[in-house]
Amino acid sequence: MKKTFALFMAAVMFAPAAFAAEITPYVGLGIVIDKASTTAKRVKFDATQTPANIEGAFVANAGDDMDFDMAFAGEITAGIKYGNVRGELEVAVRSASEDNYEIFNGTIFEMGPIVVPAEINTSTSVRHNSYMANFYYDFAISGSKWTPYVGAGIGLGTYAQKAIVEVDIDDTVLADLMQMPGAAEMLKDLPLGGKTFADDTLTEFEWQVGLGATYNFNENWALDIGYRFNSSTVEKEFVYAHELKVGARYLF
């Protein structure tokens, strides 16, 4: 009986230590290639509104689909690994932009004998920071340094967006136009030097799913290569990104 009790007490004393030994904390850094898209639309220009209602001729989120340029992003992670399961916190800094997209090129209006052609461009930029809690399952392969994984995460994203529209009119035409009575008053709402049509910062719920593989150089250092789909809904518009990640992880 005493021997059984001694064995039981030894198991109780050493079990927490064994459990703790299997928990491995880690930190990581990553570079991400990001291709973002959204259901939000560009600013639209309606020439039928001019010259009587120049300001009303520009309508936000009413034009063609946006197509953001490919961009780079960065992330930092910290987490713990227990067996085949990992849980981590992630902070990522992203950006997306669509520069100098032409939304109109033609005659915007006529005033007396003067025909006014113009080229109208818009540019949109979005700074996107995310704060995520991620969970992964690692598929251990016996005898291999590669470990495939799948995972998902939820969190919050902050979106700082800015859309600018600029109208370009030939200087000679503009000079002739300014000689017409009432032209200066009419043109004050025309964004010749650029006008901001959206400048907001919003925080929204965000989620992501992904898969990849880890190459373990040794018990401390690992290379992480993966893909993930990141998404949110911002002002009722679907925002999403396809991302390829390359990162390094250090296990303590």
With rounding to the nearest 0.5 angstrom, report the [atom1] to [atom2] distance, [X] to [Y].
| X | Y | atom1 | atom2 | result |
| --- | --- | --- | --- | --- |
| Leu174 | Leu192 | CG | CG | 6.0 Å |
| Tyr131 | Leu156 | OH | CG | 9.5 Å |
| Phe68 | Ser37 | CZ | OG | 8.0 Å |
| Ile23 | Lys81 | CD1 | NZ | 12.5 Å |
| Asp64 | Tyr101 | CG | OH | 5.5 Å |
| Leu177 | Leu190 | CG | CG | 9.0 Å |

[X] vs [Y] side-chain heavy atoms within contact, under 4.5 Å:
| X | Y | value |
| --- | --- | --- |
| Ile120 | Val43 | no |
| Phe58 | Val167 | yes |
| Val116 | Glu110 | no |
| Met70 | Ile33 | yes |
| Tyr137 | Val85 | yes |
| Tyr215 | Ile225 | no |
| Thr158 | Asn129 | yes |

I'd like to know whether [atom1] of [X] has more than 12 heavy-atom contacts from other residues, nucleotides or ligands below 6.0 angstrom.
| X | atom1 | answer |
| --- | --- | --- |
| Lys162 | NZ | no |
| Leu202 | CG | yes |
| Lys44 | NZ | no |
| Phe72 | CZ | no |
| Asp199 | CG | yes |
| Glu102 | CD | yes |

- Task: Start with the C-alpha gap between Phe229 and Trp207, add the side-chain angles, then the distance that decides, and say whether ring pair (Phe, Tyr, Trp, His ring centres under 6.0 Å) holds.
- Result: CA-CA 8 Å; Phe229 179 83; Trp207 60 272; 5.7 Å; yes
Tyr159 ring centre to Arg127 NZ or CZ under 6.0 Å, with the angle to the axis within 45°?
-> no
Check your understanding: Between Arg86 and Tyr149, is NZ or CZ placed under 6.0 angstrom from the six-membered ring centre and within 45° of the ring axis?
Key -> yes
For [X] against [Y], the heavy-atom pair lying closest together:
| X | Y | result |
| --- | --- | --- |
| Pro181 | Met111 | O-CE, 3.5 Å |
| Met180 | Gly112 | CE-CA, 4.3 Å |
| Gly87 | Phe135 | CA-CD2, 4.3 Å |
| Phe205 | Ser232 | O-OG, 2.6 Å |
| Gln49 | Gly56 | CG-O, 4.2 Å |
| Ser144 | Trp146 | OG-N, 3.0 Å |

Check the side chains of [Y] and [X] for a donor-acceptor pair under 3.5 angstrom, ignoring hydrogens and angles.
| X | Y | result |
| --- | --- | --- |
| Glu237 | Asn61 | yes |
| Arg42 | Thr124 | no |
| Asn230 | Glu243 | no |
| Glu119 | Asn121 | yes |
| Asn216 | Thr147 | yes |
| Glu88 | Asn134 | yes |

Worked verdict on Glu75 versus Lys245 for salt bridge (Lys or Arg N to Asp or Glu O under 4.0 Å):
CA-CA 9 Å; Glu75 68 171 30; Lys245 167 191 170 180; 2.7 Å; yes
Do side-chain atoms of [X] reach the backbone of [Y] as a donor and acceptor pair under 3.5 angstrom?
| X | Y | result |
| --- | --- | --- |
| Asp138 | Ala140 | no |
| Asp224 | Thr214 | no |
| Thr77 | Val27 | no |

Cluster overlap Leu223 with Val32, hydrophobic side-chain contacts below 4.5 Å: no
Open item on the list: What verdict does the side chain to side chain contact (heavy atoms under 4.5 Å, CB included) test give for Phe197 and Thr122, after you've listed the backbone C-alpha separation in whole Å, the side-chain angles of each residue and the deciding distance to 0.1 Å?
Closed with: CA-CA 10 Å; Phe197 276 79; Thr122 182; over 6 Å; no
Less than 4.0 Å between a side-chain N and a carboxylate O, is that true for Arg228 and Asp34? no
- Answer yes when Lys195 and Glu55 have at least one side-chain N-carboxylate O distance shorter than 4.0 Å, and no when they do not. yes
Can Thr38 and Val234 be said to form a side chain to side chain contact (heavy atoms under 4.5 Å, CB included), step by step?
-> CA-CA 9 Å; Thr38 177; Val234 182; over 6 Å; no
Practice problem: May I have the step-by-step check of side chain to side chain contact (heavy atoms under 4.5 Å, CB included) for Phe109 and Val115, ending in yes or no? | Solution: CA-CA 7 Å; Phe109 61 84; Val115 177; over 6 Å; no
message = Students often mix this up, so state it plainly: with edges at 30° and 60°, are the rings of His242 and Tyr227 parallel, tilted or perpendicular?
response = parallel
Leu211 and Val150: CA distance, side-chain angles, deciding distance, side chain to side chain contact (heavy atoms under 4.5 Å, CB included) verdict: CA-CA 4 Å; Leu211 52 83; Val150 294; 4.2 Å; yes
